[in-house]
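Reading through the C-alpha cells given below for one structure.
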Amino acid sequence: MTTYRVDLRSDTVTKPSPAMRRAMAEAEVGDDWYGDDPTVNLLQERAAEVTGKEAALFVPTGTMANQIGIRLNFSGAGHLIAAEAGAHVATTEVMTSAALAGIAFRTAHSPRGMTAELARELLEADTYYDVEVIDLLCAENTLGHTGGLVMSVEEMRAVRKVADDAGVPVHLDGARIFNAAVAAGVEPIEWTREANTTMFCVSKGLGAPIGSLICASAEQIREARRLKILYGGAWRQAGIMAAAGLIALEEGPKRLHEDHERACRLAEAVGEAIPGSVDLAQVETNMVLVDTEAVGLGMIETIERLKALGVGATHEAGKVRMVTHLDVDDDGLALALDAWRSIAADAAKEDR
C-alpha cells in the first residue's frame, strides 16, 4: 500500500474528523432495513430538506444512488437515457447500467456538460425508424470529466424546459453539488428543484467516510428502498455512518471555498513551473487538470513520478488530475508544488 505525503487523487480519500469519529461512536442506531435507525432517518430528512424533495434515501455509494435514481425514471430495458458523453453515468457507470437494468445511452460531446442545446439534440425524436425511445435526461454538476466545471443555474433551468417540452424527466448527478453551490454563491436547491430525482455524495468534498443520498418524491423513494435491497444495499445499523454524514452535511459546505482557493493556487503554480500545462479558466472548484505534454512527459509517467515523490494524483481526459479536499492544507500544497517543480526541472535536463 502506498503512503502519500499529500494525496490529491480524489476528495474521496479524506479521513473522518475527530468530531465525526465521536459522533459515529455515540450514534443512536437501529436496523435500517426496517427503517428504524433514527440517525439514518435524520440524515435522510435533512437531505430531502436541502434538495427540496419530499424524501431521501441513504445508500453506500454514489453509483448506487445514481443507478437507483435512473431506475426511478426508466420504463424498462430497450430504451435509452440521454447524457453528455463524458458524464459519470455514461462512462464509469455505463457497464453498471447495462448489467443491472439493461440500460443504454444516447450521448454527444459538449465542453461544459449538459446544455439546453445538447438536450434538444439528444431528445430529438427518432421519426425515421421509430425505434430509439428516450426515457430520461441526465445532467451532472459539477462536471468531473472536465475538471469540476460548474453547470450554471440558468443552464439547468433551460435544460429542464427542453426536457419538459419533450415529456422526459430529468435526473441530476449532483455528487459534488455543494462544490457547485459554493462556487456559484447559491444554494443547491436552485439546481435540484429542476430535477425529478437527484443525488449527492457526503463522502466527497463534504468529508464523510461513506455514503450518498438519492432524493425524490415520497412515492419514488418508496420504490428506491426496494431497489436498494435488490442491489444489495440494505445495510443494518447504518446510523454509525449517517452520524458522520450529518456532520459533513452541516459543516462541510462552510469550508469548501478553501479547497477551491487551494486548487487555484495549485493550478497557478503548476502553470508557472510548466508553462502551457494548465488552463486556469477551467479551474472553477476543487480540481486541476495538467497537460504534461508541455514538458514532453506522458500522463502515466508523470503520475508515477509524482507518486515517487509522495504525491498522489490520477488521470482524467488524458491529463493528470489533482483534487483538493479537507485533508490538504497549505503544507500539503507546498509539497505538491515542490514535486511538480522537481519534475519540471528533471524533464528540462532530460530534454537537453
Side-chain angles (χ1 to χ4, degrees), residues 10-12 51 53 56-57 59-116 118-119 121-123 132-151 155-156 159-160 162-163 166 168-177 179-180 188 191-192 194-201 203-204 211-216 220 223-224 227-228 230-231 233 287 316-317 321:
S10 177
D11 45 11
T12 61
T51 57
K53 301 302 180 187
L57 185 68
V59 300
T61 71
T63 292
M64 184 180 286
N66 268 330
Q67 292 302 310
I68 290 173
I70 286 171
R71 281 284 299 274
L72 294 177
N73 296 285
F74 198 77
S75 64
H79 289 191
L80 296 169
I81 294 173
E84 198 276 324
H88 198 273
V89 294
T91 53
T92 306
E93 297 181 38
V94 69
M95 289 184 291
T96 311
S97 295
L100 293 180
I103 290 172
F105 289 82
R106 177 190 282 179
T107 65
H109 285 283
S110 171
R112 292 199 65 94
M114 184 56 64
T115 64
L118 179 62
E121 175 186 338
L122 294 173
L123 294 178
E132 295 187 0
V133 179
I134 305 292
D135 276 348
L136 177 67
L137 178 70
C138 283
E140 181 179 333
N141 201 14
T142 64
L143 311 173
H145 68 290
T146 59
L149 294 181
V150 177
M151 179 188 193
E155 195 68 64
M156 183 70 193
V159 166
R160 179 57 189 258
V162 172
V168 172
V170 175
H171 173 71
L172 175 62
D173 175 353
R176 294 183 175 90
I177 192 69
N179 288 90
W191 290 279
T192 58
E194 304 301 329
N196 299 77
T197 55
T198 190
M199 62 76 68
F200 66 87
C201 298
S203 59
K204 290 189 169 67
S212 295
L213 283 298
I214 175 70
C215 310
Q220 285 176 312
E223 171 64 6
L227 292 170
K228 175 183 171 182
L230 294 182
Y231 288 170
M287 297 185 189
E316 185 73 49
R321 188 188 81 165

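Since the structure is predicted, the reported quantities are computational estimates derived from the model, not experimental observations.
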Assess the residue pair I81 and V89 against the criterion (side-chain contact (heavy atoms from CB on, under 4.5 Å)); give the C-alpha distance rounded to whole Å, side-chain angles, the decisive distance to 0.1 Å, and a yes or no.
CA-CA 10 Å; I81 294 173; V89 294; 5.7 Å; no
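- Taking 4.5 Å as the limit, some side-chain heavy atom of L136 sits within range of a side-chain heavy atom of I70.
- For the side chain to side chain donor-acceptor pair (under 3.5 Å) test, no residue two or more places apart in sequence or in another chain qualifies with T91.
- Screening residues 96-106 for side chain to side chain donor-acceptor pair (under 3.5 Å), with sequence neighbours left out, gives Q67-S97, R106-E132.
- For the side chain to side chain donor-acceptor pair (under 3.5 Å) condition, the pairs that include at least one residue of residues 140-151, sequence neighbours left out, are E84-H145.
- A donor-acceptor pair under 3.5 Å is absent between the side-chain atoms of R176 and the main chain of C201, judged by distance alone.
- L213 is not listed as a side-chain neighbour of T51, based on a closest heavy-atom distance of 4.5 Å or more.
- The CD1 atom of I103 sits 10.5 Å away from atom CD of E93, with the distance rounded to the nearest 0.5 Å.
- Shown here are the side chain to side chain donor-acceptor pair (under 3.5 Å) partners of K204, two or more places apart in sequence or in another chain: there are none.
- One distance of note links CG of L80 with CG of L137; it measures 12.5 Å at 0.5 Å rounding.
- Scanning for side chain to side chain contact (heavy atoms under 4.5 Å, CB included) contacts around Q220 gives L72, N73, T197, A216, S217, with sequence neighbours left out.
- Pairing each heavy atom of P188 with each of I177, the nearest pair is CB-CG1, 4.1 Å.
- Put simply, the side chain of Y231 does not reach to within 4.5 Å of the side chain of T61, judged on heavy atoms.
- In plain terms, the two heavy atoms of M156 and A195 that are nearest each other are CE-CB, 4.1 Å.
- W191 contributes a side-chain N or O that, together with a main-chain N or O of M151, makes up a donor-acceptor pair within less than 3.5 Å.
- Between H171 and I214, the closest side-chain pair of non-hydrogen atoms falls below 4.5 Å.
- In this structure, CZ on R321 lies 4.5 Å from CE on M287, to the nearest 0.5 angstrom.
- Checking side-chain atoms of K53 against main-chain N and O of T192 turns up a donor-acceptor pair under 3.5 Å.
- Residue P111 comes nearest to L149 through the heavy atom pair O-CD1, 3.9 Å, listed as atom of the first residue, atom of the second, then distance.
- To the nearest 0.5 angstrom, C215 atom SG is 13.0 Å from N196 atom CG.
- In this structure, the separation between CG on N179 and CG on D11 is 6.5 Å, given to the nearest 0.5 Å.
- Counting only heavy atoms from C-beta outward, the side chains of E194 and V170 never approach each other to under 4.5 Å.
- For the residue pair V159 and A116, the shortest heavy atom distance occurs at CG2-N, 3.5 Å.
- Side-chain atoms of S212 come within 3.5 Å of backbone N or O of G62 as a donor-acceptor pair.
- In plain terms, the two heavy atoms of F105 and A90 that are nearest each other are CD2-CB, 4.1 Å.
- Annotation for L118 and S110: closest pair CD2-CB, 3.8 Å, computed over non-hydrogen atoms.
- For residues 64-73, no residue pair satisfies the salt bridge (Lys or Arg N to Asp or Glu O under 4.0 Å) rule, not counting sequence neighbours.
- Residues D173 and M199 meet the side-chain proximity criterion, which asks for heavy atoms closer than 4.5 Å.
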